[in-house]
2 protein chains.
Amino acid sequence: MSFKRTNPLALAVLALLSERPMHPYEMAQTMRERHQEEVIKLNYGSLYTVVESLRSHELITASATRKAGNRPERTVYAITEAGTRELHDWLRELIAVPAKEYPRFEAGISLVGLLPPDDALTVVEQRERAVGEQLAALAVLLERLAGMGLPQLAWIELDYRMAMLRAERAWLTWFATAIRDGTVGGHEHWEGQHR
Amino acid sequence: MSFKRTNPLALAVLALLSERPMHPYEMAQTMRERHQEEVIKLNYGSLYTVVESLRSHELITASATRKAGNRPERTVYAITEAGTRELHDWLRELIAVPAKEYPRFEAGISLVGLLPPDDALTVVEQRERAVGEQLAALAVLLERLAGMGLPQLAWIELDYRMAMLRAERAWLTWFATAIRDGTVGGHEHWEGQHR
DNA sequence: ACCCATATATTCGGTGCCGAGTATTTGGGA
DNA sequence: TCCCAAATACTCGGCACCGAATATATGGGT
């Protein structure tokens, strides 16, 4: 069986090992330090599963060592040539080809008609506020990163997220207004359903 | 153990049963007809798992029947009061509280610096085109739905998706230009890395 | 009257993921 | 120097999810 590009955590592992050999726990630490866990879900159990899977496909190799005092034996991994190729191919695919994502909000909003209009308005406004707060927090973070002299390329994904959050907030603002004003198509029927 | 709001397919099941009792296969069919599977991932195996889970938590009840010719015995399910409450609560939560989603593209773009700039440009342009095509297809679909006289509330999630796709395309256009012009922060270093 | 493609309806084994649990080491305070 | 909280490093059982396989029924064509 060839390697399956399911868990993006495997991508993170390949990316880290493309810098230098590491043992799993060190990968986790590094991901934390760089705030990568914001973008790629990190879970200890999954980390070791994923590392073992990469190893079994020979995309990385183990070079066991037992150094630095007498800590429990740590296994250090290094990326292989095939691993480097996989990293680049996977990366290109991830960027070039939009994946079906099934965002949870789409599922929720598609059924919003099941809630009475005033309940719907309340929750939409709540989300609008929450998204606004996320935007504010992100703006502060970007300010700090730019201030630290980090190049934009190092936090390009936050730039992207910012753009998406802005668009979501704008849509929520529109939808909230449309509910309030009763201008959303099908509003009479919606009201009629709930009383 | 109380019911866990993991698989949105369970939400779809509750929503369908809030209309009328059904057996699992009928739920799947109905989801197909209404293009709900575009928004909520449908998988037969998961469907039966999810139905059984809902039943075990008494959010739905089974009323076995063997009618309509001698088709294999079908189990018809109906929503309970607790199920209706769960449906509304879950729905409110899904809309009000933004969930951490880990979109695959964010993972990819966060590591774009690992690709040489010209490769990066190529894949970003590819995605830009792909998103453009999705947008066009969606516009046609919306036209058709509006033409059929369906109220906007019935396809509100497509409206939302449209807004998000527009924002993504705009961002991709900007980023592609920034790579081409070398105006993305850290461009010199990026170029230097790859030769 | 017969055939078989399609529709109907569900089962089941495999797998990847999760997160709580375990065991050891370090370092700082009393 | 002793203690213990925090850090280090990994393990493991359970479970949700997947999708391929199974089994029967229907209906249209010849």
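Labels below follow one simple rule: chain letters A, B, ... track the order of the sequence lines, proteins then strands, and each chain is numbered from 1.
- Salt bridge present: B:Arg5 and B:Glu93 bring a charged side-chain N and a carboxylate O closer than 4.0 Å.
- Contacts of A:Gln29 with the nucleic acid, taken as non-hydrogen atoms under 4.0 Å apart, involve only primed sugar atoms and P, OP1 or OP2.
- Atom CD of A:Glu19 is surrounded by more than 12 heavy atoms from other residues, nucleotides or ligands within 6.0 Å.
- Protein atom CG of A:Leu47 is 15 Å distant from nucleotide atom P of C:dG16, rounded to whole Å.
- The hydrophobic clustering, which links ILVMFWY residues whose side-chain heavy atoms are closer than 4.5 Å, places A:Leu114 and A:Val184 together.
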Output a table of nitrogen or oxygen pairs between the protein and nucleotides 17-21 of chain C separated by less than 3.5 Å.
from   : atom 1 : to      : atom 2 : distance (Å)
C:dC18 : OP2    : A:Ser46 : OG     : 2.6
C:dG19 : OP2    : A:Asn43 : ND2    : 3.2
C:dG19 : N7     : A:Asn43 : OD1    : 2.9

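- Distances shorter than 4.0 Å separate some side-chain N or O of B:Tyr48 from OP1 or OP2 on C:dT10.
- The interatomic distance linking B:Glu26 (CD) with C:dA7 (P) rounds to 17 Å, in whole Å.
- In this structure, the NZ atom of A:Lys100 is 13 Å from the P atom of D:dC18, given to the nearest Å.
- Side-chain contact annotation: B:His189 with B:Gln193, donor-acceptor N/O pair under 3.5 Å present.
- Residue pairs that meet the ring-ring contact (aromatic ring centres under 6.0 Å, His included) test with at least one member in residues 77-98 of chain A, sequence neighbours left out, are A:Phe3-A:Trp90.
- Between the CZ atom of A:Arg32 and the C1' atom of D:dA7 there is a distance of 12 Å, rounded to whole Å.
- We find that CG of B:Leu54 is positioned 11 Å from P of D:dC17, with the value rounded to whole Å.
- Against DNA chain C, the stretch residues 14-25 of chain B makes heavy-atom approaches under 4.0 Å through B:His23, B:Pro24, B:Tyr25.
- The nearest whole Å value for the distance from the CD atom in B:Glu52 to the P atom in D:dC18 is 17 Å.
- Note on residues 100-117 of chain B: pairs passing side-chain hydrogen bond (donor to acceptor under 3.5 Å, both in side chains), not counting sequence neighbours, are A:Arg161-B:Glu106.
- Note: CD1 (B:Ile40) to P (D:dC17) measures 13 Å, nearest angstrom.
- Shown here are the salt bridge (Lys or Arg N to Asp or Glu O under 4.0 Å) partners of A:Glu168, two or more places apart in sequence or in another chain: A:Arg127.
- If you take CZ of B:Arg5 and P of D:dC15, they are 21 Å apart, rounded to a whole angstrom.
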N/O donor to acceptor pairs below 3.5 angstrom from side-chain atoms of residues 130-150 of chain B, sequence neighbours left out:
none

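- Between B:Val51 and B:Thr75, every side-chain heavy-atom pair lies at or beyond the 4.5 Å cut-off.
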